[in-house]
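Written out below as structure tokens is the structure these notes cover.
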Amino acid sequence: MGDVHASLTGPSVQAPAPIRAKPAARATPTLVGWRDHWPLLVLIVVAAVLRLATIGEQSFWYDEAYTPVHVLHASLGATLHTMVHTENTPPVWYVLIWAWSRMFGIGAVALRTPSALAGVATVAVAWYIGRELGSRRTAIVLAAIVTFDPLFVWYSQEARAYALFALFAALSLWTFLRAWREPTAREFAGWAAASVLALGTHYFAAFLVAPEGALLLAAAVPALRPTLARLRLDGEAPGPPRSPLGLFVALAIVALAACALVPLVIAQGGHGTQWIGRWALSARLVAIPGYFLLGGQSPDFGHGLLLACAVPIVVTVGLLPGLRAREWRAFGLVFGLGELSVLVPLVLALAGADYLAPRNLIGSWIPLAAALAVVLAGERAGVAGWVLTGLICAAGLGVVVAIDVVPRFQRADWSGVARSLRAGPADRAVVTVELGAAPLEYYRPGLQYVHPGTTLRVREIDLVGYAPVRAVAATPITPAFRLVGRASIHRLDVYRFVAATPQTLTEVQLRADRLTPTSSEVLAPAGAAGG
């Protein structure tokens, strides 16, 4: 086109060759990047040590053992079929753990490792959430909180979906913040991908993803943009999305993913959630901050330690008045998202759809921890912010170490119970607490769940449970049996009864002969069945 233009307008004048800029040295940006991110690298190493060093110290508990005993099968199709009828979680984690178990087996360390890796990755995502919300200091504070928080460490050492849910919830928040700042098709696509993964890992992700999507959609409505200025970090009303089609496609993908889960929710029908209704809602509300500060076994620590660990956070509230305008907007945005993701399931629980368990809110602690980090890293927080951050992390580390070294703060020792039951006749029955069958089946593969209506011939009855023990627990089921031993094994009690000759008992009789007042389950070797 240049030659044609010249022939029409006159003699051509050759333009000088463009001067090529000298390539910038690549070493300097790399060094700057390393210098900027060295605290993150340190925190990632610390997080890996806290999560991996003691990953196999505690035995599997109820739900953890249920997965390898009953859910995982040789084929993915059979695994997903069983998941539909026995679990109450979406499929992403089960697909991951099935593939992982095909390569590394079903040992406790093997099945917990994906959770540990997800927990370490969450620290890195927390760093980038902090960078979106504020300064490098915000990133350091938030990554440090996630590194040492007992809740995230606890579920990083559990072969269930919670650590993966926390990771995807963090990714959803980070990609939302990027899309909120730069409403481009690329950022919308990133948010949609992270949100779909979060929804596919845990149903409670909807309580975080839905408000994020609503804000992105609201920014596309001209009449709402002035109102949304208070939630923009720059304080300005959001402009129209640079790619309206990209926004609507992203929202449609997330909505379709949520709708696709509805038949699964109906089919699962709340399997394994009956314990939530038996736990008083008021007690669960008290336990929610306990989980965040003390981890999954928070009730065992007592209210005194909970209050002590809460002091630095309470003091942090006093820094709120010193926040600058941009910091206030960042705080309001993430705190509002976290608050909504807790209040909505609470309202649903009060309305009768009660699935509000503290551990289901692990995704909500990501935006709430981000709000805490914004305050601690505020420009006017100064040394006080660093001191309070150090106290919060030190308290978390103290709790994590206490869990590692004090058995009563750990998961019940089902592997120890299984070892205590190693010796014994084939014609025996084990009566355990509700949900206790799976860990005993995992650690003692010869034991099988006894279905209702079964009659057994047994010479030994072993009762397994926890405090409080029934007053009549030491009384034999019939005069033919006598109590020959008791053992206390890290939060679990075992009573052993023996008869001189085999006795015929029904599964109903045995379940009634339980150690703990709660419901019970019966196990027996295959040869014990018969009348």
Side-chain angles (χ1 to χ4, degrees), residues 58-71 86 106-108 407 411-531:
Q58 300 180 47
S59 72
F60 269 170
W61 71 296
Y62 311 111
D63 288 0
E64 282 187 293
Y66 194 89
T67 300
V69 170
H70 297 291
V71 180
T86 62
I106 60 171
R411 297 169 178 85
D413 189 8
W414 289 99
S415 62
V417 171
R419 288 192 298 270
S420 74
L421 299 175
R422 185 171 298 158
D427 50 350
R428 72 195 302 185
V430 179
V431 183
T432 182
V433 292
E434 185 179 16
L435 304 178
L440 289 179
E441 289 177 280
Y442 178 80
Y443 288 110
R444 296 292 297 155
L447 293 175
Q448 299 178 3
Y449 180 80
V450 176
H451 295 280
T454 304
T455 300
L456 302 176
R457 291 275 292 173
V458 297
R459 283 189 296 126
E460 180 175 320
I461 300 174
D462 304 315
L463 306 184
V464 180
Y466 43 73
V469 173
R470 295 171 66 217
V472 297
T475 304
I477 188 172
T478 70
F481 288 89
R482 61 186 179 88
L483 180 64
V484 297
R486 303 183 189 183
S488 181
I489 305 170
H490 295 177
R491 304 177 63 206
L492 288 169
D493 296 312
V494 181
Y495 284 30
R496 303 186 69 175
F497 297 86
V498 174
T501 59
Q503 304 294 309
T504 301
L505 297 168
T506 66
E507 184 267 349
V508 174
Q509 287 177 293
L510 289 166
R511 275 197 298 110
D513 188 36
R514 58 192 183 276
L515 191 64
T516 304
T518 58
S519 300
S520 58
E521 299 175 337
V522 180
L523 298 166

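As a basis for the values below, the full set of heavy atoms in this structure was taken, side chains included, without hydrogen atoms, waters or symmetry mates.
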Next on the checklist: Going by side chain to side chain donor-acceptor pair (under 3.5 Å), name the residues that satisfy it together with R514, two or more places apart in sequence or in a different chain.
Outcome noted: none
Checklist entry - Of the non-hydrogen atoms in P439 and F60, which two are nearest, and what is the gap between them? => result CB-O, 4.2 Å
Checklist entry - If you measure from OH on Y62 to OG1 on T67, what distance do you get to the nearest 0.5 Å? => result 15.5 Å
Item to check | Results of side chain to side chain donor-acceptor pair (under 3.5 Å) for E434 - residues two or more places apart only | outcome: R278
Checklist entry - How many angstroms lie between atom CZ of F497 and atom CZ of R482, to the nearest 0.5 angstrom? => result 11.5 Å
Next on the checklist: Measuring only between side-chain heavy atoms, which start at C-beta, is L510 closer than 4.5 Å to E507?
Outcome noted: no
Next on the checklist: Applying side chain to side chain donor-acceptor pair (under 3.5 Å), can you list everything that pairs with R444, at least two apart in sequence or on another chain?
Outcome noted: none
Item to check | Ion pair check, R457 and D427, cut-off under 4.0 Å | outcome: no
Checklist entry - How close do P525 and A426 get, heavy atom to heavy atom, and via which atoms? => result CG-O, 3.0 Å
Checklist entry - Which residues satisfy the side chain to side chain donor-acceptor pair (under 3.5 Å) test with T432, sequence neighbours excluded? => result none
Next on the checklist: Less than 4.5 Å apart, side chain to side chain, heavy atoms only: is that true for P407 and D413?
Outcome noted: no
Checklist entry - Is the closest side-chain heavy-atom distance between R428 and R496 below 4.5 Å? => result yes
Checklist entry - What's the shortest heavy-atom distance between E441 and V69, and which atoms? => result CB-CG1, 4.0 Å
Checklist entry - When you measure from the side chain of S59 to the backbone N and O of W414, does any donor-acceptor pair fall under 3.5 Å? => result yes
Item to check | Under 3.5 Å: donor-acceptor pair, side chain of S520, backbone of A512 | outcome: no
Checklist outcome for this item: Scanning both residues in full, the closest heavy-atom pair of A474 with L483 reads CB-CD2, 4.1 Å
Next on the checklist: Applying side-chain contact (heavy atoms from CB on, under 4.5 Å), can you list everything that pairs with D513, at least two apart in sequence or on another chain?
Outcome noted: I461, L463, I477
Item to check | Separation between OH of Y66 and CG of D63, rounded to the nearest 0.5 Å | outcome: 9.5 Å
Checklist entry - Do the rings of H451 and Y449 sit parallel, tilted or perpendicular, given the 30° and 60° boundaries? => result perpendicular
Checklist entry - Minimum heavy-atom separation for R459 to A500, with atom names? => result CD-O, 4.2 Å
Checklist entry - Looking only at heavy atoms, which two atoms of A412 and R491 are closest? And how far apart? => result N-NH1, 3.7 Å
Checklist entry - Sequence neighbours excluded, which residues qualify as ring-ring contact (aromatic ring centres under 6.0 Å, His included) partners of Y443? => result none
Item to check | Qualifying residue, where the test is side chain to side chain contact (heavy atoms under 4.5 Å, CB included) with L515 and the options are D462, D493, V494 | outcome: D493
Next on the checklist: Return the CD to CG distance between Q509 and L456, rounded to the nearest 0.5 Å.
Outcome noted: 10.0 Å
Checklist entry - Any sub-3.5 Å donor-acceptor pair from Q503's side-chain atoms to T501's backbone N or O? => result yes
